Amino acid sequence: PGLLYTSEVVRHELAHIAVHALAKGHHLPRWFHEGVAMTVAGEATIDRLQQGLASGSFGELEGLDALDTAFAGHRIKVQRAYAVAAGFVRFAVRRSERRTALAELHQRMAMGLSFRSAFTATFELPPKDLYALYARYLDSADSRWSLFRSDSWLWALIGILAMVAMGLAWHRRPRFDGEPMDLEAIAAIGEKALRSGILWLPDDTATRYDRF
């Protein structure tokens with residue numbers, strides 16, 4: 001149970017094995033390893049993780065160095081790191097407009113380029129510069145309103161609207177002018193009428209009934 005299904009976890013871990021094998025001994029940053037594995041796990045996996053956490057994570061994960069160290073933090077920060085790394089890799093591939101971009105990166109590394117050089121040649125910007133562009137893109141496209149897509153904010157909004165509705169209902173409650181009704185007297189008259197066995201009739205009908 002959780003944000004990842006068993007099949008997604010299997011694909012994620014197999015992707016780690018493949019990325020490690022393709023690296024040919026080159027060092028790969030943690031954010032790239034996890035970002036690629038999350039991408040291989042599936043688009044729905046990334047979307048579900050990002051929706052579960054909302055998107056306001058750049059206050060704590062500014063820069064790729066901070067993103068790498070976040071994987072060793074507490075649970076919420078680690079989950080945010082997974083979401084940000086996955087989103088960054090997906091952003092880089094989509095921006096390149098080539099579905100084979102990750103394979104091209106590994107081919108360049110197999111030819112002897114370092115990770116940074118291969119990344120720059122594949123995606124036209126160094127990793128840190130492209131990540132800064134990604135952060136600006138999220139800040140302008142998602143904005144802080146993305147926080148309000150989470151369930152906690154939704155239920156908070158429902159609670160506030162319910163309180164407003166109750167306040168309006170109280171303010172618009174019926175108001176009676178004059179003396180208050182004597183409910184006990186009304187009930188006593190009703191019981192007396194039931195005991196008498198006489199049905200209630202309008203005044204004019206009652207007069208004609210008496211005459212008859």
Side-chain angles (χ1 to χ4, degrees), residues 2-4 8-9 11-43 45-98 101-147 150:
L3 291 171
L4 299 180
E8 295 167 344
V9 173
R11 288 197 297 271
H12 180 105
E13 298 306 328
L14 288 174
H16 277 306
I17 296 172
V19 168
H20 179 73
L22 290 170
K24 303 293 184 182
H26 289 281
H27 169 73
L28 296 176
R30 179 72 183 272
W31 63 263
F32 180 79
H33 242 293
E34 299 298 350
V36 172
M38 289 294 296
T39 303
V40 171
E43 295 284 317
T45 309
I46 301 174
D47 293 338
R48 192 165 60 253
L49 181 62
Q50 289 177 336
Q51 289 170 7
L53 296 169
S55 299
S57 56
F58 284 96
E60 297 179 24
L61 303 178
E62 293 178 355
L64 287 177
D65 293 336
L67 178 58
D68 249 4
T69 57
F71 286 102
H74 57 78
R75 184 177 62 85
I76 298 299
K77 197 168 185 177
V78 169
Q79 289 181 350
R80 285 183 173 179
Y82 274 106
V84 173
F88 178 44
V89 170
R90 181 167 64 175
F91 169 79
V93 172
R94 287 182 175 177
R95 182 177 179 273
S96 71
E97 298 182 346
R98 299 189 314 280
L102 293 176
E104 293 171 15
L105 185 151
H106 281 284
Q107 287 174 352
R108 289 185 169 100
M109 290 178 64
M111 294 169 63
L113 292 180
S114 65
F115 170 76
R116 185 179 184 281
S117 299
F119 187 98
T120 304
T122 304
F123 298 111
E124 301 177 353
L125 284 173
K128 290 186 178 182
D129 293 342
L130 187 59
Y131 184 80
L133 181 63
Y134 172 60
R136 289 198 298 272
Y137 165 78
L138 273 191
D139 195 41
S140 61
D142 251 355
S143 185
R144 304 305 180 196
W145 293 105
S146 59
L147 294 172
S150 63

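Nothing here was measured: the structure is a model prediction, and the numbers come from that model.
- If you look at Tyr82 and Phe71, their ring centroids are closer than 6.0 Å.
- For the atom pair Phe123 CZ and Asp129 CG, the distance stands at 14.5 Å (nearest 0.5 Å).
- A heavy-atom distance below 4.5 Å is found between the side chains of Leu102 and Val89.
- Across Arg11 and Ala41, no two heavy atoms sit closer than the pair NH2-O, 2.8 Å.
- The nearest pair of heavy atoms linking Trp31 to Leu67 is CB-CD2, 3.6 Å.
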Do Ile17 and Glu13 pass the side chain to side chain contact (heavy atoms under 4.5 Å, CB included) test, and can you show the C-alpha distance, the side-chain angles, and the key distance before you say yes or no?
CA-CA 7 Å; Ile17 296 172; Glu13 298 306 328; 5.8 Å; no
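- Relative orientation of the Phe91 and Tyr134 rings is tilted, given thresholds of 30° and 60° on the angle between their planes.
- In this structure Arg94 satisfies the side chain to side chain donor-acceptor pair (under 3.5 Å) test together with Glu43, sequence neighbours excluded.
- The aromatic rings of Tyr131 and Phe88 lie perpendicular to each other, with more than 60° between the two planes, well past the 30° mark.
- Closest approach of Leu28 and Ala23 over heavy atoms only: CD1-CB, 3.6 Å.
- In terms of heavy-atom proximity, Ala101 sits nearest to Ser96 at CB-OG, 3.5 Å.
- The shortest heavy-atom contact between Thr120 and Pro126 is OG1-CA, 3.3 Å.
- More than 12 non-hydrogen atoms from other residues, nucleotides or ligands lie less than 6.0 angstrom from NE2 of His26.
- Between the CZ atom of Arg116 and the NZ atom of Lys128 there is a distance of 8.5 Å, given to the nearest 0.5 Å.
- Shown here are the salt bridge (charged side-chain N to carboxylate O under 4.0 Å, His left out) partners of Arg95, two or more places apart in sequence or in another chain: there are none.
- Sorted by first then second residue, the side-chain hydrogen bond (donor to acceptor under 3.5 Å, both in side chains) pairs that include residues 101-114, not counting sequence neighbours, are Arg98-Glu104, Thr100-Glu104, Arg108-Thr122, Ser114-Ser117.
- Phe115 has its side chain out of reach of His27: every pair of non-hydrogen atoms, C-beta onward, lies at least 4.5 Å apart.
- Residues His12 and His16 bring a donor and an acceptor atom of their side chains to less than 3.5 Å of each other.
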